Engineer: 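Would you mind keeping the following structure in view while I ask a few things?
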Amino acid sequence: MRKKTILITGAAGEVGQALVRKLHARNSHHLLTMDVRPLPPDLDGMSTHIVGDILDKSLFERLVSEFDFTHIFHLAALLSTRGELSPQAAHNVNVNGSLNMLQMAADQSEWKRERVVFIFPSSVAVYGMQSLENKAANPRPQEWEWNYPITMYGANKLYIETLGVYYSEHYKQLAEDEPTMLDFRCVRFPGLISAFTVPSGGTSDYGPEMIHAAAQGKPYASFVRPDTIIPFMAMPDAVKSLLLLAEAPAERLSRRVYNVTSFSITAQEMAERVQSHFPQAKITYRPHEKRQRIVDSWPVDMNDDAARRDWGWQPEYDADRTFDEYLVPNIRQRYA
Ligand code: AKB
């Protein structure tokens with residue numbers, strides 16, 4: 001019999017590592033992890049790990065013969081800054097790779113006559129505020145408002161959201177017998193901050209970079225202006241939202257794509273918090289015109305009322321708790 005399994009792609013990334021730890025601690029499912037990189041040694045033994053590429057369809061053909069995927073957390077992606085440096089590579093991974101995953105989950109759902117739950121992290125990058133005035137006038141957009149991304153990454157995420165809904169509700173709509181469809185569920189994340197990993201290739205990275213630099217006694221020049229504001233969230237809340245949404249009863253869900261967020265903060269407020277914990281921190285500002293424009297196109301906040309109402313979403317870490325109880329103690333220990 002095939003093993004009931006949770007598949008996590010992009011498992012060596014920031015969210016992936018945190019999710020693997022959490023799911024392993026629950027000990028309820030067999031975990032199959034995938035990434036183009038090996039997992040860090042401290043995750044050894046927590047999953048069956050495959051070093052492989054989501055673009056490799058033949059790999060999935062082999063995997064489905066061995067594993068029965070009940071849930072797929074498809075986290076693999078190239079982030080927004082990286083995507084602007086290599087737009088075609090980003091499109092390949094973020095769109096073609098995601099399409100492979102969706103098709104595999106659709107085939108599995110149809111074949112098993114059981115909906116595979118497909119969890120997809122999207123991003124604040126799907127928004128595109130057209131000016132700073134527009135950003136200030138529309139601080140908390142709903143899911144369907146201002147969906148005019150200016151990055152390859154944002155455009156890719158928005159498209160996969162749409163395809164996920166298609167595969168869940170309209171796939172093979174002209175066939176005589178409607179297949180059992182996959183169950184696509186998506187959270188749109190703000191900038192994420194982890195105490196244990198440092199992001200790479202994102203444009204919200206100035207937040208986490210600032211604090212990780214300060215804890216190591218390194219100076220940091222922020223690539224955005226001090227007044228730059230976007231929403232952020234601590235990594236434990238990001239993982240919490242993925243699991244809450246994965247476990248929510250289908251009848252409670254009024255949409256397939258949900259905003260989730262925690263606190264909005266300017267780069268300067270972030271720097272002040274960092275400096276209050278690390279008084280020697282040297283934080284300066286050297287805005288990078290193009291990365292600045294990307295962050296300026298993201299809203300101040302996101303309306304996450306639907307997630308709160310439908311599946312009880314509530315962040316546990318506001319800005320105070322994120323810094324005082326999560327980031328600072330763990331980061332101090334990490335670099336001690
Ligand atoms: C990025 O900066 O690209 C990501 C994101 C906001 O999704 N952190």
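In this text the structure is predicted, and so the values were computed from the model without any measurement. Every number for a ligand or one of its atoms is a count from 1 in the order of the listing.
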Engineer: Do His74 and Ser98 meet the criterion of a side-chain donor-acceptor pair at a distance under 3.5 Å?
Structural biologist: yes
Engineer: Taking only distance into account, with no hydrogens and no angle test, what donor-acceptor pairs under 3.5 Å do side-chain atoms of residues 275-283 form with protein atoms, sequence neighbours excluded?
Structural biologist:
from   : atom 1 : to     : atom 2 : distance (Å)
Gln275 : NE2    : Ala281 : O      : 3.1
Ser276 : OG     : Arg273 : O      : 2.8
His277 : NE2    : Asp324 : OD1    : 3.0

Engineer: Flag the pair Lys290 and Glu84 as a salt bridge only when some basic side-chain nitrogen lies within less than 4.0 angstrom of an acidic carboxylate oxygen.
Structural biologist: no
Engineer: Show which residues join Met152 in its hydrophobic cluster (side-chain heavy-atom contacts under 4.5 Å, direct or indirect), or state none.
Structural biologist: none
Engineer: Could you tell me whether Glu169 and Arg256 have a side-chain N and a carboxylate O separated by less than 4.0 Å?
Structural biologist: yes
Engineer: Of all residues at least two apart in sequence or in a different chain, which pass the side-chain contact (heavy atoms from CB on, under 4.5 Å) check with Pro199?
Structural biologist: Glu14, Asp205, Pro208
Engineer: Tabulated below should be the N or O atoms of ligand 1 paired with protein N or O atoms at under 3.5 Å; can you produce that?
Structural biologist:
from     : atom 1 : to     : atom 2 : distance (Å)
ligand 1 : 2 (O)  : Ser80  : OG     : 3.3
ligand 1 : 2 (O)  : Thr203 : N      : 2.6
ligand 1 : 2 (O)  : Ser204 : N      : 3.0
ligand 1 : 2 (O)  : Ser204 : OG     : 3.3
ligand 1 : 3 (O)  : Ser80  : N      : 3.0
ligand 1 : 3 (O)  : Ser80  : OG     : 2.5
ligand 1 : 7 (O)  : Ser123 : OG     : 2.7
ligand 1 : 7 (O)  : Tyr153 : OH     : 2.8
ligand 1 : 8 (N)  : Ser204 : OG     : 2.9

